[in-house]
Amino acid sequence: MTSDRPSHSFPTALPSSTRRRAIMAIAATTSLPALAQFRVDIVGVGMTQLPTAIAPFRGEAGAPQKISGIIQADLERSGQFRVVDGSGPQLDENSRPDVDVWKQKGADSLTTGSVTRLPDGRYDVRFRLWDTVRKEPDLGGQSFVVTQGDLRLVSHRIADYVYEKLTGQRGIFSTRIAYVTKAGSRYSLWVADADGENAQSALSSPEPIISPAWSPSGTQLAYVSFESRKPVVYVHDVSTGRRRLIANFRGSNSAPAWAPDGRSLAVTLSRDGGSQLYTIDANGGEPRRLMQSAGIDTEPTYSSDGRSIYFVSDRGGAPQIYRVPAGGGGAERVTFTGTYNISPAISPDGKFLAYISRVGGAFKLHVMDMGSGTTTAITDTTADESPSFAPNGKLIVYATQQGGREALMTTTLDGKIKARLAGQSGDIREPDWGPFQKQ
């Protein structure tokens, strides 16, 4: 039997239900339908939320997607909004609402719009955002003409517009996530909307696929495939399906992480003995070793400014998170709370570190404030893995187990708002949140 555990796993064994990018086992569990479908369940209550209303879009009842429902779910999942009842008189983007009515409902803002099917089969989607508190309530709007297949994307872009106008920060609802599933004897790499819907298979293989990582441009995915009966790193073009071999050296090739400029990747190689960190050109070539270590160094991830690489090492006796200059040099330890810390993810602004810590046999998502060093466990589950920050740094996606099944979750950084992106059945693992999409 061929094992799909990378050869450089840490000596301390993980439970079979818990997988860790380049240092974990890929274990067979339940199957997933051919097309992953998700629902969003919001749990938890945030401390401060903006009350907003999303009126049903005129004409959406006859459209294949309920635009207002998608916008509402996006805003709720962000943790920044409390959506109030949007029912009432029929409104569209041309209607000037009675702001007093909506203020009485408790809404500080209101989104209205329409969906019209055109003779050529496309859809004309229009919306307008209103501020019910200001004397000049019109916050603008947009219009789109799209095919049926892009109705969800348009809904996410409307949610992005509302989010940015009301919070001053860029929305992430039109971004994408990647993750891996195992269905029967096949592994699949999926690309989906940020809410987990509209999943498309990018790659399917009878051998394990692990460690997907988005390129900074959002057009490519690096990943590790075992199709050569050992870990090998590929880069996959998402739109064309073409791929290129990046690292296939002697021993294990694993844990790819993109540099912010997209020109190179950090990888873990065992070509010269133990598992060590290297950088390699995005087109392949001869890798450059970052440092010498007597321990296992793996799971690299770059800071957004490209100056540092965070990684996991057992050089001190047990897995902890360290940081090294991207050009190489001496490493400094970052985590000191807990005896087993892995899977680092650094927020885009560099202020927070998400990682998985083993606490009494449970694997739990933690967030560290890099300024104060304060660390907080933000989940009550026990098999968390693979945290990845949204590109605006306000949410984290991770995989976990709930009710005996595996699922994707998003959480706010304080853990107060969580959304479950749950398949009807199946084994879902190793999510990675892609960058902002080009407009």
All side chain to side chain donor-acceptor pair (under 3.5 Å) counterparts of Asp98, not counting sequence neighbours
none
For Thr132, give me all partners under side chain to side chain donor-acceptor pair (under 3.5 Å), at least two apart in sequence or on another chain.
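With neighbours one apart ignored, the set is empty.
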Donor-acceptor list for residues 258-267 side chains, cut-off 3.5 Å, not counting sequence neighbours:
| from | atom 1 | to | atom 2 | distance (Å) |
| --- | --- | --- | --- | --- |
| Trp258 | NE1 | Ala213 | O | 3.0 |
| Asp261 | OD1 | Arg263 | N | 2.9 |

Once ring-ring contact (aromatic ring centres under 6.0 Å, His included) is applied, do any residues pair with [X], and if so which ones, sequence neighbours excluded?
X: Phe57; answer: none
X: Phe173; answer: Tyr163
X: Phe127; answer: Tyr161

Residue Arg333 excluded, over 12 heavy atoms near CZ under 6.0 Å
yes
Near Arg186 CZ, under 6.0 Å, is it more than 12 heavy atoms from other residues, nucleotides or ligands?
yes
Considering only heavy atoms from C-beta outward, does the side chain of [X] approach that of [Y] to under 4.5 Å?
X: Pro387; Y: Ser343; result: yes
X: Ile356; Y: Leu365; result: yes
X: Thr379; Y: Asp384; result: yes
X: Pro137; Y: Trp130; result: yes
X: Trp214; Y: Leu221; result: yes
X: Glu164; Y: Arg170; result: yes
X: Asp414; Y: Ile378; result: no

[X]: side-chain contact (heavy atoms from CB on, under 4.5 Å) partners, not counting sequence neighbours:
X: Arg126; value: Glu93, Ser114, Asp124, Ser143
X: Ser388; value: Val397, Asp432, Trp433
X: Ser357; value: Asn341, Tyr355, Val359, His366
X: Ser239; value: Asp237

For the residue pair [X] and [Y], confirm or rule out a side-chain donor-acceptor distance under 3.5 Å.
X: Gln200; Y: Asn198; answer: yes
X: Ser78; Y: Gln80; answer: no
X: Arg243; Y: Tyr223; answer: yes
X: Arg244; Y: Gln220; answer: yes
X: Ser109; Y: Asp131; answer: no

Would you mind checking if Arg323 and Glu332 are paired as a salt bridge, meaning a charged N to carboxylate O distance below 4.0 Å?
yes
Which pairs pass side-chain hydrogen bond (donor to acceptor under 3.5 Å, both in side chains) with one or both residues in residues 61-75, sequence neighbours excluded?
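Output for this query lists Glu60-Ser68, Asp74-Arg77, Asp74-His156.
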Check: [Y] main-chain N/O paired with [X] side-chain donor or acceptor under 3.5 Å:
X: Thr335; Y: Thr337; result: no
X: Lys364; Y: Arg358; result: no
X: Thr411; Y: Ile396; result: no

Could you list the residues that satisfy salt bridge (charged side-chain N to carboxylate O under 4.0 Å, His left out) with Lys103, not counting sequence neighbours?
Asp100
For the OG atom of Ser313 and the CD1 atom of Ile342, what is their distance to the nearest 0.5 Å?
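Answer rounded to 0.5 Å: 13.0 Å.
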